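Small disclaimer: the values here were computed from a predicted structure and weren't measured.
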Amino acid sequence: MLNEFQQKAVLLPNKNALILAGAGSGKTRVLTSRIAHLCQKQRISPQSILAVTFTNKAAREMRERVEQLLGYSTRGMWLGTFHGIAHRLLRQHAQELGFDRHFKVLDQDDQLQMIKRLVAHLNLDDRLYAPKYLQHYINAKKDEGVRAESLNDKSVDQEVIRLYQAYELRLKADNALDFADLLLCANELLTHNEVLRSYYQKRFQYILIDEFQDTNTIQYKWLEKLYSGDNTVMAVGDDDQSIYGWRGAKVENIQKFIDDFGEVEVIRLEQNYRSTQIILDAANAVITNNIDRMGKTLWSEKERGEQIAFYEAFNERDEADFIAGRIYNLWKNEHLTLKDIAILYRSNAQSRVIEEALLKEGVPYRIYGGVRFFDRAEIKDALAYLRLMALKSDNLAFERIINTPTRGIGAKTLEVIRDYAADYDLSLWHAAKAVIERKLLSSRALKALSEFINMIEELSEYIDTLTLEDLMRLVLEKSGLLRSYEAGKSEKSQQKLENLKELVNAASEFIPPVEDVETNEARLLEFLSFAVLESGEMQADENIDSVQMMTLHSAKGLEFPYVFMTGLEDGLFPSSRSIDSPKKLAEERRLCYVGITRAMAKLTLSYSKVRHQYGDINYQIKSRFLHEIPDDYIKSVRTSVKKSETPSFGISPFEFLKKNTPDSAFKTGDFVNHTKFGIGVFLKSEGEGDERLYHIDFKAGGGKKVLLAKMAKLSKL
DNA sequence: GCCATGTTGATTTTT
DNA sequence: TCAACATGGC
């Protein structure tokens, strides 16, 4: 069942190991079999195992599969995401770190809000100090393990550092941690507390880490803390699939692991069980162009397989149309299941035209990504009520809901409260109460404000008596959230209403990840953390058979019999922001490798000569990655539209251009593409020897077709 | 507090 | 281009 190398990894005696697991090489199987082997054959208690993943989804999957293999629950085993495990550690040992056990976790959105407020508070110009940039800067520093107080960065405006410091103080005052803090604090906990460190080092006899190429500096440090020399670490990863460098992941950690962890057994999993040989050959051919690889060549026992299809589209509409047409054909004529088909793209903006084309063909699709369940505004509003109820000093929650739904508390009132809070160093909640007591507002505002305060206090009283589910219901009711959406008849309001109902559901199904949750309050706090740490896919229509559309990044870890990789154009993929940095380019190439290796049976590549971007027309050139795939793996597919199907305007495109373009000097016209939307033409200008690209597009305007000629950006051909 | 209008900026994303 | 966000008038 397991091949030689997989088996070696699973059965490995007590020794640190690095499993270099190529795409589709059965990595998860090895990991789960390893855990099962330890429990069953080695009689290791699940308590002694720590298994870390990056996403909740991966963690869930792993737990399920281990339990399937073992036939019993693995509840005692620490298996989760880096953040989830850090969170658990911190909840358990908050005292030792000197902070309140009831800390809350800020998500990206909360974090950004807080930074925005600080920027305003410090009177900084938000154009010079863009909150988004500051957020990125702070997170990057934290991911490297650098706190504000020990930061010495001369390369950056000192105001930025001051803001970072202010932000840290704010967090502390609010008893809040951001995502990076979870890791950072957990690391500090293990660094400073020897007793705990040695306890966990003894406890976790076996540490397994998935997706090692995605670990960042702080995660690596964290692992070092848990390693005593007596326990063993198995790191599983693939340097060729490292695509998250831009958010702090360090591929180098793989090499570093080999260097730092004593004698490390390196096992390569190179047999691929997913793709045909030709797809693997293409992937190998591309990735070979990267230097500094650990080195790995995928092979397959599968047949050579179908050639890779390649379509050269005239514009992005043509590209989309081609894809939609092909899929329609696979669906209706070859009776393929749509969920076996994926459309991958580099940037989300590309999805739109493709959606339109699929819609036109009547092909159902599902787009991955977008706003996650717990990130939706209405959900966060509802949760903010719970947050404020649980902890009155939660300023972010306070600001979020004080006037949501609107209850006549405006900016003016809030301003008074904020000033009061600042003057007397109070939380907004307590400031609001004082403002009421001292009658510092108009009677109308006072009334609205005290009604709000009373409502929250009244709701808080139910925390101890009601179940989470009922509490949630009551909050939705009393807060007026339900009412405000019931009033709206739009599709949007209805959807929001649905989501809120789903939230009650989520509350009823919630099982705390730790055992020692006894009080209702503790349960509530766990639920709130859960909502932040597990943003949750919860996409609708999961059951409808549909084409899967997603970015190349979110395709990692997935596989599909049919894969369409789109927009293979320099400047788009690889992204224009990457082409002049070898390091970034290498990451783009890995992304390409990831994309190709998603395909099991058939890969179709496409690029578009013309692409509308940011409101203008760009002439695109083929992605350099396309050139890296040997020609004989590729079969060009002809245009999806016959010449006879292109619209006729009673005048030849050539004549039309001659009449309508300023460039009267051109001599020849070569029709590059006929599409349902128009015709692309390359024209040679006199003299310079440059070529220009013209684009004839038509639009249905007032029932009749209108010819439009647009000149695309001039570019070297 | 809500609506209309102007401005800006635009890979990739999990926790 | 286009959508998110901020600003200003009622």
- Within less than 4.0 Å of OP1 or OP2 of dT11(B), is there a side-chain N or O belonging to Y614(A)? yes

- Message: Students often get this wrong, so: under 4.0 angstrom with heavy atoms, is E588(A) touching a base, only sugar-phosphate, or nothing?
- Response: base

- Item | Test side chain to side chain contact (heavy atoms under 4.5 Å, CB included) applied to L446(A) - qualifying residues, sequence neighbours left out | I436(A), K439(A), L441(A)

- Message: Using whole Å, what does the distance between atom P of nucleotide dT13(B) and atom CZ of F82(A) come to?
- Response: 21 Å

- Task: Take atom CG of L112(A) and atom C1' of dT15(B), then tell me their distance rounded to the nearest Å.
- Result: 16 Å

- Of W78(A), F82(A), F212(A), the one forming a side-chain contact (heavy atoms from CB on, under 4.5 Å) with V52(A) is F82(A)

- Message: Can you confirm if the NZ or CZ of R247(A) lies within 45° of the ring axis of Y244(A) and under 6.0 Å from the centre of its six-membered ring?
- Response: yes

- Task: Quick one: label I85(A) by what it contacts on the DNA or RNA (base, sugar-phosphate, nothing), any heavy atom closer than 4.0 Å.
- Result: nothing

- Item | Six-ring centre of Y368(A), R366(A) cation under 6.0 angstrom, axis tolerance 45° | yes

- Message: So, OP1 or OP2 of dT11(B): does either fall under 4.0 Å of a side-chain N or O from T551(A)?
- Response: no

- Query: Within 45° of the ring axis of F103(A) and under 6.0 Å from its six-membered ring centre, is that where the NZ or CZ of R91(A) lies?
  - Reply: yes

- Task: Would you classify N348(A) as touching base, sugar-phosphate or nothing, given that sugar-phosphate means primed atoms plus P, OP1 and OP2, and contacts are heavy atoms under 4.0 Å?
- Result: sugar-phosphate

- Task: Check every strand shown and say whether F179(A) touches a base, only sugar-phosphate, or nothing at a heavy-atom separation below 4.0 Å.
- Result: base

- Pairing of E355(A) and R352(A) as salt bridge, 4.0 angstrom limit: no

- So, do F54(A) and H83(A) have ring centers that fall under 6.0 Å from each other? no

- Within the structure, does a side-chain N or O atom of N216(A) lie under 4.0 Å from either OP1 or OP2 of dT15(B)? no

- Item | Heavy-atom protein contacts under 4.0 Å, nucleotides 2-10 of chain C, coded B base, S sugar-phosphate only, - none | SS-------

- K556(A) has an atom NZ; how far is it from atom P of dT15(B), in whole Å? 12 Å

- Separation of dT12(B) C1' from Q241(A) CD (nearest whole Å): 16 Å

- Task: Using whole Å, report how far CG of N618(A) lies from P of dT11(B).
- Result: 13 Å

What nitrogen or oxygen pairs link the protein and nucleotides 5-9 of chain B at under 3.5 Å?
none

- Message: Can you measure I579(A) atom CD1 to dT11(B) atom P for me and round it to whole angstrom units?
- Response: 14 Å

- Would you kindly compare S578(A) and R407(A) by the position of their nearest DNA chain B nucleotide and give the one closer to the 5′ end? R407(A)

- Calculate the interatomic distance between L528(A) atom CG and dT15(B) atom P; express it in whole Å. 18 Å

- Task: Would you mind classifying the nucleic acid contact of D214(A) as base, sugar-phosphate or nothing, using non-hydrogen atoms under 4.0 angstrom?
- Result: nothing

- Query: How close or far is atom P of dT11(B) from atom NZ of K584(A), stated in whole angstroms?
  - Reply: 12 Å

- Message: D110(A) and salt bridge (Lys or Arg N to Asp or Glu O under 4.0 Å): which single residue from R387(A), K104(A), R400(A) fits?
- Response: R387(A)

- Item | From dT11(B), dT15(B), dT13(B), nucleotide with atom closest to R346(A) side chain | dT11(B)

- Query: Within the structure, does a side-chain N or O atom of R577(A) lie under 4.0 Å from either OP1 or OP2 of dT11(B)?
  - Reply: yes

- Query: Base, sugar-phosphate, or nothing: which does S576(A) touch, judged by heavy atoms less than 4.0 Å apart?
  - Reply: nothing

- Query: Does T406(A) place a side-chain N or O at less than 4.0 Å from the phosphate oxygens OP1/OP2 of dC2(B)?
  - Reply: yes

- Just by modelled atom types, is the D109(A) backbone N or O under 3.5 Å from a matching donor or acceptor in the D107(A) side chain? yes

- Is the backbone N or O of G245(A) less than 3.5 Å from a side-chain atom of E587(A), with the two atoms forming a donor-acceptor pair by type? yes

- Any salt bridge between K609(A) and E316(A), counting N to O under 4.0 Å? no

- Indicate, with a heavy-atom threshold strictly under 4.0 Å, whether Q613(A) touches base, sugar-phosphate, or nothing. nothing

- If we take the C1' atom in both dT13(B) and dC2(C), what is their distance in whole Å? 22 Å

- Query: If the P atom of dT12(B) is compared with that of dA3(C), how far apart are they to the nearest Å?
  - Reply: 15 Å

